Structures are given as C-alpha cells and as structure tokens.
Number of protein chains: 2
Amino acid sequence: MESIPFDVMDPDCPSRVVLQRIGDKWTPLIVHALKDGTLRFSELRVAVGGITPKVLTQTLRTLERDGLVERTVFAEVPVRVEYRLTALGESLLGPLDAVRAWAESHAGNILQARDAFDATV
Amino acid sequence: MESIPFDVMDPDCPSRVVLQRIGDKWTPLIVHALKDGTLRFSELRVAVGGITPKVLTQTLRTLERDGLVERTVFAEVPVRVEYRLTALGESLLGPLDAVRAWAESHAGNILQARDAFDATV
DNA sequence: CGGTATCCGTACGGATACTG
DNA sequence: CAGTATCCGTACGGATACCG
C-alpha cells in the first residue's frame with residue numbers, strides 16, 4: 001500500500017467522489033442533526049428544516065450505504081425507525097462541524113462582500 | 001445584534017446558502033490549490049484536475065464575489081491574471097482542509113461500506 | 001494567455017399525492 | 001409513522017469552438 005493512497009486533486013481519485021458526497025446539500029445538516037444521538041425520521045424532518053421526505057430518504061440511504069448512518073427498524077405498531085451515526089459518521093462530525101461553524105460565523109462577511117462586489121459591477 | 005445570528009438548520013438562514021457554496025463541487029479544490037499562494041488561471045486549471053475553463057471561471061467569479069479570492073490582472077502582453085486567497089479565504093482553509101483530509105483518509109472505508117451494503121441488497 | 005459563447009444532457013432536488 | 005410514486009423544472013456542469 002502507498003503512503004498517500006488518495007488525492008482529491010486527482011480527477012480519477014475516489015476520494016473526490018467522497019468529498020462531493022459529504023459536501024452535498026443535505027449531508028452536513030443531517031450529520032449535524034444526529035450529533036447528539038438517535039433521531040427518528042420525522043424528528044430528522046423537523047431538525048433539518050426545509051427538506052422533503054423523498055430527499056431525506058434519498059440522503060439517508062446514501063449515508064447508510066456509505067457506512068455513515070445506521071438505520072434501525074423496530075417492528076412495532078406504528079413502526080419506529082431510528083437513525084444514528086456510526087463510528088465512521090461520528091468521525092466526520094468534527095470536520096463537518098468546523099465548516100458549519102465557519103459558515104455561520106462568516107456568513108455576514110460573505111453577504112457583505114457580495115454587496116460590495118455587486119455595487120462595483 | 002443577536003448572540004446567535006446564523007443557524008444552518010434554519011431553512012431561511014443565509015448561512016445555509018453559504019454552506020452550500022463552499023460545499024460545491026469545485027470550491028474546496030480551488031481553495032486548497034491556492035493555499036500556498038498565488039496561481040494563474042492556467043496553473044489552477046492544472047492544479048485542479050478535470051475542471052473545464054468555463055466552470056473554473058464561474059467558480060472563481062463566485063469566490064471573488066464572496067470575498068474569498070482576489071483576482072489581479074496585470075496589463076502585460078500576453079496578459080497575466082493571478083488569483084490568491086483573501087484573509088477571509090485563508091480562514092476557510094483550515095475547516096475545508098479538515099474535510100478534505102477526512103475524505104482522503106476515509107475514502108477507503110466508504111468504498112468498503114458501499115461494497116458491503118450493495119452485497120446485502 | 002485567459003478567458004467567452006454556445007449548445008447540450010442529466011441528475012438533482014422539489015411538490016404533491018398516495019401507501020403498508 | 002415512515003416512507004413511495006409520480007411528475008416536473010432547472011440549474012449545474014460538460015464539450016467544443018472561438019475571441020481580445
């Protein structure tokens with residue numbers, strides 16, 4: 001095995017696919033919503049404002065497939081489904097939260113920069 | 001001003017727009033390419049493998065508008081254009097690099113998880 | 001060299017309604 | 001409750017060719 005197996009700057013490297021997955025529209029929000037533990041489908045829907053059930057399902061399936069989220073179905077009536085981060089998913093929490101925190105704390109600067117830029121053009 | 005002005009979990013919060021911008025397909029790669037200093041358009045093209053000139057221009061314009069990248073044109077023949085991160089852009093370097101590093105170091109796990117998942121389905 | 005212009009395909013996300 | 005099914009629009013990215 002090599003010392004640097006993956007390189008996002010290489011267009012053919014799988015890590016680039018991974019980078020885009022975790023950088024998609026909803027993944028960061030869902031992962032962040034699950035940081036404190038288990039949530040049910042409907043709770044996730046509320047926690048992640050604005051997401052439609054279809055897209056939530058889609059994203060959760062992808063996250064499950066990628067080994068970031070674990071899905072547990074309880075055979076009750078009505079049925080209960082719980083989602084939680086796997087160890088791999090939890091390891092993503094830190095990096096993702098850093099970006100999220102940056103976005104929240106610098107959103108003002110960016111909005112400001114946009115206004116300034118648009119004013120000159 | 002409020003203590004928590006921005007919240008990505010709020011669908012109407014501008015920080016969510018910001019989060020999606022910096023999480024788009026090329027932004028992390030471009031920012032990472034510029035981490036060591038100034039690059040010209042054609043150097044960026046090479047550094048970020050697989051990007052077309054049109055999309056590179058588009059992304060750079062957005063980054064410039066958002067105050068993350070500075071564009072300098074030198075009136076020479078042939079013309080020289082240099083791109084570099086602003087202070088704001090450099091502040092994004094850390095968070096983004098954390099995600100990039102995660103993607104590179106965990107790409108293997110994810111690929112593996114996918115195979116396992118696909119095998120059961 | 002550093003882009004633009006043009007055209008194109010699709011894949012993603014959204015809205016709504018329905019179901020086991 | 002936890003999804004699916006269906007339909008839809010567009011916006012994004014890509015390929016190619018051309019320009020100041």
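Numbers restart at 1 for each chain; the letters A, B, ... are given by sequence-line order, proteins then strands. Note that the coordinates shown come from a computational prediction; the quantities given were computed from them, not determined experimentally.
- If you check C/dG2, C/dG14, D/dA2 against the side chain of A/Lys25, the one that comes closest is C/dG14.
- Among the nucleotides C/dT4, D/dA15, D/dC1, the one closest to any side-chain atom of B/Thr52 is D/dA15.
- Distance from the side chain of A/Arg71 is smallest to D/dA2 among D/dA2, D/dA15, C/dG13.
- Considering only side-chain N and O atoms, B/Ser42 lies nowhere under 4.0 angstrom from the phosphate OP1 or OP2 of C/dC1.
- Nearest approach of B/Gly49 to A/Pro11, heavy atoms of both residues: O-CB, 3.6 Å.
- The side chain of B/Pro53 approaches C/dT4 more closely than any other nucleotide in the set C/dG13, C/dC1, C/dT4.
- In this structure, B/Arg45 places its CZ atom 11 Å from P of D/dA15, rounding to the nearest Å.
- Considering all non-hydrogen atoms of both residues, A/Glu43 and A/Thr38 come closest at OE1-O, 4.5 Å.
- Protein atom CG of B/Leu56 is 10 Å distant from nucleotide atom C1' of C/dG3, rounded to whole Å.
- Nearest to the side chain of B/Phe41, among C/dG3, C/dG13, D/dA2, sits C/dG3.
- Residue B/Lys54 places no side-chain N or O under 4.0 Å from the OP1 or OP2 atom of D/dT16.
- Contact annotation: A/Tyr83 side-chain N/O to D/dC1 OP1/OP2 distance is not under 4.0 Å.
- Nearest to the side chain of B/Arg40, among C/dG3, C/dG13, C/dC1, sits C/dC1.
- Per the geometry, CD belonging to A/Gln20 stands 13 Å off C1' belonging to D/dG14, to the nearest Å.
- Among the protein residues, B/Arg61 comes within range of the sugar-phosphate backbone only, with heavy atoms under 4.0 Å from sugar or phosphate atoms but none that close to a base.
- Nearer to the 5' terminus of DNA chain C, by closest-nucleotide assignment, is the contact made by B/Leu60 (compared with the other of B/Leu60 and A/Asp24).
- Residue B/Trp26 holds its CH2 atom at 5.0 Å from CD1 of B/Ile51, rounded to the nearest 0.5 Å.
- The separation between B/Leu39 atom CG and C/dG2 atom P is 11 Å, rounded to whole Å.
- Computed from coordinates, the A/Arg80 CZ to D/dA2 C1' distance equals 13 Å when rounded to whole Å.
- Two residues, A/Gln58 and A/Val79, neighbour DNA chain C, and the one matched to the more 5' nucleotide by heavy-atom proximity is A/Gln58.
- Per the geometry, CZ belonging to B/Phe74 stands 12 Å off P belonging to C/dG3, to the nearest Å.
- Taking the side chain as every heavy atom from C-beta outward, A/Arg61 and A/Gln58 never approach each other to under 4.5 Å.
- The environment of A/Arg21 atom CZ is sparse: at most 12 non-hydrogen atoms of other residues, nucleotides or ligands sit within 6.0 angstrom.
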